[in-house]
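Worksheet: the structure to be examined is printed underneath.
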Amino acid sequence: MAQRFYGIRDGVPEFTYENHGPKFDWLQNYQIQKFGYPVVSMTEPQITCSLEAYLMWLLGKVMFTENHVSTISACYIRYARENTEATCQNDITQWSWSFVVLAATYQGMCAGCTLTKERSALLGCPLLPQLWSWERFPISRPEVAKNQAVIISGQAPVVYESDLLFDHERIDMPTFGTHWTHRKVTRRYPAFSEQFDTLKEESVLWELYMTTKTAARYSDGLSIMCMIRPKRIYFSEHFCYCFSSKLV
């Protein structure tokens with residue numbers, strides 16, 4: 001990784017890492033904003049390295065959080081490289097990421113029930129149950145106003161609408177989670193446990209993401225990533241650990 005990133009951006013400190021993997025702070029030097037984008041055009045090598053750094057963050061800090069706060073596991077380098085160096089779709093192995101993220105989150109939640117240290121953390125993908133709860137339970141979630149202004153970094157404020165597209169070129173289409181992003185939280189319920197205990201069954205949204213509900217929220221459609229049905233294939237040893245006997 002140090003050789004691939006060498007000379008890509010001026011002024012970046014020397015490659016820093018631990019036995020576990022590269023330092024997260026070092027990878028942040030390759031955010032597209034650090035290259036001056038969109039004011040300054042990026043070269044193809046810069047785009048490739050920036051994408052690899054982003055995928056490392058996505059895998060290590062969002063999809064599969066770990067106790068290594070300052071580093072990202074080196075095991076994700078192979079997956080990031082495969083995606084950044086691919087020239088066509090067939091060059092990318094179709095992993096069942098959705099199943100693995102769910103399994104890792106289940107394991108993290110099970111392990112979290114037994115943690116006692118003050119600095120303990122929920123591992124796996126904590127964002128997943130958070131978004132799930134906001135969709136299903138009418139408590140402890142951001143309030144979304146119909147005419148609420150949305151602030152997107154580097155862009156002028158726009159008025160929120162349920163089918164708002166953040167990418168008019170239809171490349172970065174929304175997902176169901178987009179509904180909760182760029183929100184200014186006006187109020188949260190202070191007594192979540194009490195509210196949850198008194199929650200009635202009819203107040204919970206039990207149905208799956210039906211076509212009618214999708215059309216009501218995003219009339220122009222969702223990201224193609226929400227439509228793909230990944231094949232069930234063998235995972236790497238690192239991910240197979242999520243399906244171990246420790247799952248209850």
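Positions are given from 1, in the same order as the sequence printed here.
From Thr16, atom OG1 reaches atom CG of Leu27 across 8.0 Å, with rounding to the nearest 0.5 Å. Taking OG1 from Thr105 and CE from Met63, the interatomic distance works out to 9.5 Å, rounded to the nearest 0.5 Å. Between the CE atom in Met56 and the CZ atom in Phe24 there is a gap of 10.5 Å [rounded to 0.5 Å]. The distance from atom CZ of Arg9 to atom CG of Asn29, rounded to the nearest 0.5 Å, is 5.5 Å. Remark: Met42 CE to Tyr37 OH distance equals 8.5 Å, nearest 0.5 Å. Note that CD1 of Ile8 is 7.5 Å distant from OH of Tyr30, once rounded to the nearest 0.5 Å.
When the shell of 6.0 Å around CE of Met109 is examined, it contains 12 or fewer heavy atoms from other residues, nucleotides or ligands. Annotation for Glu202: atom CD counts as buried by contact number, over 12 foreign heavy atoms lying within 6.0 Å.
A single hydrophobic cluster is seen to contain both Leu58 and Val100, as judged by linkage of ILVMFWY side chains at heavy-atom distances under 4.5 Å, directly or through other members. Both Val12 and Leu51 belong to a single network of hydrophobic side chains, linked directly or stepwise wherever heavy atoms of I, L, V, M, F, W or Y lie under 4.5 Å apart. Follow the hydrophobic side-chain contacts under 4.5 Å out from Tyr54 and you reach Leu127 in the same cluster. Both Val62 and Tyr79 sit in one connected hydrophobic cluster of ILVMFWY residues. Membership requires side-chain heavy atoms under 4.5 Å apart, directly or through other members. By the rule that hydrophobic residues join a cluster once side-chain heavy atoms approach within less than 4.5 Å of another member, Leu123 and Leu131 end up as members of separate clusters.
Between the side chains of Glu66 and His20, a donor-acceptor pair is found at a separation under 3.5 Å. At a cut-off of 3.5 Å, with distance as the only test, a side-chain donor of Thr93 or Glu82 sits close to an acceptor on the other residue.
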Task: Evaluation steps, ring-ring contact (aromatic ring centres under 6.0 Å, His included), between Phe5 and Phe15 - done: CA-CA 9 Å; Phe5 281 68; Phe15 177 66; 8.0 Å; no
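The heavy-atom pair separating Pro138 from Ser203 by the smallest distance is CD-O, 3.4 Å. Contact between Leu122 and Gly108 at its shortest, heavy atoms only, is CD1-O, 3.3 Å. Across all their heavy atoms, Ser50 and Phe35 have their closest contact at CB-CE1, 4.4 Å. For the pair Ala86 and Ile92, the tightest heavy-atom approach, listed with the atom from each and the gap, is CB-CG1, 3.5 Å. Listed here is the closest heavy atom pair of Lys23 and Thr71: CD-CG2, 4.0 Å.
Remark: side-chain polar atoms of Thr65 are not paired, donor with acceptor, to backbone N or O of Cys125 under 3.5 angstrom. At least one donor-acceptor pair under 3.5 Å links the side chain of Thr84 to the backbone N or O of Arg81. Not a single donor-acceptor pair under 3.5 Å links the side chain of Arg136 to the backbone N or O of Val204. For the pair Glu85 (side chain) and Asn83 (backbone), a donor-acceptor distance under 3.5 Å is absent.
Relative orientation of the Trp97 and Phe64 rings is tilted, given thresholds of 30° and 60° on the angle between their planes.
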